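Have a look at the structure below before the remarks.
The structure displayed is predicted, hence computed values, not measured ones.
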Amino acid sequence: MRARRMAVACTVLTLIAVLLSGCTRDVRGRAVSIYDDPFKVAGLPTTSGPNGPRAGVPDSTLTAANSDGGAIDKLVLNALEDIQTYWQAEYPRDFDGAFKPVDKFLSWSAKAPRAQAMQFCEESTYRLVNAAFCSLDGSIGWDRSVLLPTVQETFGKMAVVMVLAHEYGHAIQTMANIVSRKTATLVKEQQADCFAGAFIRNVAEGKSKHFTINTSDGLNAVLAATVAIRDDNPSDPGSVHGSAFERVTAVQIGFTDGGKGCKGIDTKEIDRRRGNLPQSFGNDTTNGQSDVDRTNLDELSKAMADIMPIKKEPKYTFDGAKLNCSNGKDTEPVTYCPSSNTIGTDLPALHDRGVADSDGQDALPVKVTGDFTAYVVYISRYALAVQQSAGQALKGAKTGLRAACLAGVITGKLADPNRSKANGNISLSPGDLDEAVSGLLTDGLAASDTDGRTVPSGFSRVDAFRAGVLGNQNTCTSRYS
């Protein structure tokens, strides 16, 4: 976020592109009823417990050329078998023609000396840290020594499965002839993210032979892997995969609507989703980062009141978030107290929450942070004041999801280039949505009620925020009433 200025601003992938591969599209889902129970995840129950490979299940009989027979290759081949089994059944329902399983797999080590390098998709595997579908020969290949072990170590084994589900998604789109050489890479990548989301739902439904995933921390980790590496500068010509917000959206489309929903992703659909959302930093040398201080919070408060006015605006204090509220709990670093209609902020703590992640050595950050990691929490506490003004309940799971949704509405409106600077000299920047999504996955404070309670599913928290960004205040009311 920044102070407003005149201008508001073959699938062989690199490591970044792989991890970017990877809801409800727009504000729609399978049916409105999937939002009736806030403890469900796109219609599935919120579960905890097992997450990863099932115990006692024989390994796949699939084989890969140049395999070392190690744990990573076994994990990958088990994933590929289950992915193929899923598409064997689903493909005829979603596409014309017959499903033809991928039958060429190649494993390599990016650590191997040049003399041991293989050829994959007309490229040497020497130091190739990658996983990919090759449209030239219809094969799938992966690096077993650097890429996939790093993914596993950081986000767990199901994140590795997600990578392979994405690569198989490229095989599906090619097989179904829904892409061509002229299709934008952005469209191909988000379709593949979506197909991966469709398969992950199959796992969550308990239908996968080798794997299981719970819909709380298990699904959260898979989404976090999608967020971790993303196009963080849309102005870069090499940024052709989309922001984390867009990647997660594509995964959620697949998880909620299945393969049929993925077919609807094209350039027009992506442009419609983007709307007024910023796609360039322009001349902003800060890359959209600002100090989370009293001045910027005052401007944000003006903007919130302008975008979503209520009859009785809350009072603001900046000397702490411990309000000793009679009908709410402290939710540091920002607390909303209904009885006094006050938003109290621990300014140093909120500032620390909004410090950008500058650890360039961390190739796969578990959390993407920046000023909007802090601002979205501040906005969500105002969203509780909005709910109080509307006479809505201030405690419970739907309250928290409404807060996230309303925060999304306000966030989206901050991108409006026609908003007057007099009504809050602050605007949305590229990367802000990614920071918000990462925070919602990590602790969910921006999707909590006046007692700081939130639903355990990061998927649901992000989905609520996303619905607000792409929708309006009525969206939030109808979804979470």
### Flag for D371-S290: side-chain donor and acceptor within less than 3.5 Å
yes
### Query
Is the shortest heavy-atom distance from the side chain of I172 to the side chain of F95 under 4.5 Å?
yes
### Message
Can you give me the closest heavy-atom contact between A225 and A159, atom names plus distance?
### Response
CB-CB, 4.0 Å
### Query
Can you tell me how far the OG atom of S216 sits from the CG atom of N51, to the nearest 0.5 Å?
8.0 Å
#### Entry: Salt bridge flag under 4.0 Å for residues D463 and R479
yes
### Message
For the backbone of A447 and the side chain of T454, can you confirm whether one donor and one acceptor N or O come within less than 3.5 Å of each other?
### Response
yes
### Task
Report yes or no: do T47 and T215 form a side-chain donor-acceptor pair below 3.5 Å?
yes
#### Entry: Spacing of CD belonging to E332 relative to OG1 belonging to T345, to within rounding of 0.5 Å
11.0 Å
### Query
Out of curiosity, N341 CG to I343 CD1, how far, rounded to the nearest 0.5 Å?
8.0 Å
### Query
Which pair of heavy atoms, one from A224 and one from L441, lies closest together, and at what distance?
N-CD1, 3.8 Å
### Task
Show the numbers, then the answer: is there a salt bridge (Lys or Arg N to Asp or Glu O under 4.0 Å) between K395 and D451?
CA-CA 7 Å; K395 297 183 189 297; D451 283 346; 2.9 Å; yes
#### Entry: Heavy-atom closest pair, residues D330 and L323
OD1-N, 3.0 Å
### Message
Does this structure show an ion pair linking K268 with D271, if we count only N-O contacts that are shorter than 4.0 Å?
### Response
no
### Query
Side chains of R273 and Q190: is there a donor and an acceptor less than 3.5 Å apart?
yes
### Task
Verify the ring-centre separation between W87 and F195: is it less than 6.0 angstrom?
yes
### Task
Classify the ring geometry between Y375 and F372 as parallel (under 30°), tilted (30 to 60°) or perpendicular (over 60°).
perpendicular
### Donor on one side chain, acceptor on other, S448 and R381, under 3.5 Å
yes
### Point-to-point distance, once rounded to the nearest 0.5 Å, from CE of M162 to CZ of F155
12.0 Å
### Message
If we ignore hydrogens and angles and just use 3.5 Å, is the side chain of R466 paired with the main-chain N or O of C405 as donor and acceptor?
### Response
no
### Query
How about V163 and W142: do any of their side-chain heavy atoms sit closer than 4.5 Å?
no
### Message
Set out, in order, the CA-CA distance, both residues' side-chain angles and the distance that settles side-chain contact (heavy atoms from CB on, under 4.5 Å) for M158 and V203, then state yes or no.
### Response
CA-CA 10 Å; M158 289 308 300; V203 180; 4.1 Å; yes
### Task
Identify the two heavy atoms, one from K188 and one from Q173, that lie closest to each other, and give their separation to 0.1 Å.
O-NE2, 3.2 Å
### Message
I'd like to know whether L300 forms a side-chain contact (heavy atoms from CB on, under 4.5 Å) with Y378, so could you lay out the CA-CA distance, the side-chain angles of the two residues, the decisive distance to 0.1 Å, and finally the verdict.
### Response
CA-CA 9 Å; L300 180 55; Y378 189 80; 3.7 Å; yes
### Query
Under 3.5 Å, is there a donor-acceptor pair between the side chain of S478 and the main chain of T475?
yes
### Task
Answer yes or no: are there more than 12 heavy-atom neighbours, outside K263 itself, under 6.0 Å from its atom NZ?
yes
### Query
Does the side chain of N214 pick up a donor-acceptor pair with the side chain of T212 at under 3.5 Å?
no
### Task
Give a yes or no on whether the backbone of G344 and the side-chain of K322 come within a donor-acceptor separation of less than 3.5 Å.
no
### Message
Which heavy atom of L148 sits nearest to which heavy atom of V160, and what is that distance?
### Response
O-CG2, 3.7 Å
### Message
Angle between ring planes, F245 versus F465, binned at 30° and 60°: parallel, tilted or perpendicular?
### Response
perpendicular
### Task
Classify the side-chain pair E189/H166 by whether it contains a donor and acceptor separated by less than 3.5 Å.
yes
### Message
T317 and side chain to side chain contact (heavy atoms under 4.5 Å, CB included): which single residue from T342, L347, T335 fits?
### Response
T342
### Query
So, the side chain of T331 versus the backbone of G452: is there a donor-acceptor pair under 3.5 Å, distance only?
no
### Message
If you define the side chain from C-beta out and look only at heavy atoms, does anything of Q152 sit under 4.5 Å from L75?
### Response
yes
### Query
Would you say the ring centroid of F255 lies under 6.0 angstrom from that of F459?
yes
### Query
Taking the side chain as C-beta and beyond, is there a heavy-atom pair between R353 and D346 under 4.5 Å?
no
### Task
Ignoring hydrogens and angles, state whether a donor on the side chain of N296 or D291 is under 3.5 Å from an acceptor on the partner side chain.
no
### Task
Check whether any side-chain heavy atom of V76 sits under 4.5 Å from a side-chain heavy atom of R144, and report yes or no.
no
### Message
Please evaluate residues R274 and E246 with respect to the criterion side-chain contact (heavy atoms from CB on, under 4.5 Å), reporting the C-alpha separation (whole Å), side-chain torsions for both, the decisive distance (0.1 Å), and the verdict.
### Response
CA-CA 9 Å; R274 286 181 165 181; E246 292 173 328; 2.4 Å; yes
### Flag side-chain contact, heavy atom, 4.5 Å: I213 against V222
yes
### Query
Is a side-chain N or O of Q388 found less than 3.5 angstrom from the main chain of P338, in a donor-acceptor match?
yes
### Query
Quick one: does P53's side chain get under 4.5 Å of H210's, heavy atoms only?
no
### Query
For D432, does its backbone N or O pair with a side-chain atom of S429 as donor and acceptor, under 3.5 Å?
no
### Donor-acceptor under 3.5 Å (N276 side chain, A415 main chain)
no
### Summary
Taking every heavy atom of A393 against every heavy atom of T399, the minimum-distance pair comes out as O-OG1, 2.8 Å
### Message
For L77 and D59: C-alpha separation, side-chain torsions, deciding distance, then whether side-chain contact (heavy atoms from CB on, under 4.5 Å) applies.
### Response
CA-CA 8 Å; L77 292 170; D59 288 326; over 6 Å; no
### Spatial distance of atom CD (Q473) from atom CD1 (I410) [nearest 0.5 Å]
8.0 Å
#### Entry: Exam field: side chain R402 to backbone Y480, donor-acceptor pair closer than 3.5 Å
yes
### Task
Step by step, work out the salt bridge (Lys or Arg N to Asp or Glu O under 4.0 Å) result for D298 and K302.
CA-CA 6 Å; D298 284 343; K302 290 180 189 177; over 6 Å; no
### Query
Within the side chain of R201, is there an N or O that forms a donor-acceptor pair under 3.5 Å with the backbone of G258?
no
### Query
So how far is it from K398 NZ to C476 SG, rounded to the nearest 0.5 Å?
13.5 Å
### Query
Does any non-hydrogen side-chain atom of T442 lie less than 4.5 Å from one of N220?
no
### No-hydrogen, no-angle side-chain donor-acceptor test under 3.5 Å, Y382 and S301
no
### Task
Take D434 and R247, measure what salt bridge (Lys or Arg N to Asp or Glu O under 4.0 Å) needs, and give me the verdict at the end.
CA-CA 10 Å; D434 295 356; R247 292 274 172 165; over 6 Å; no
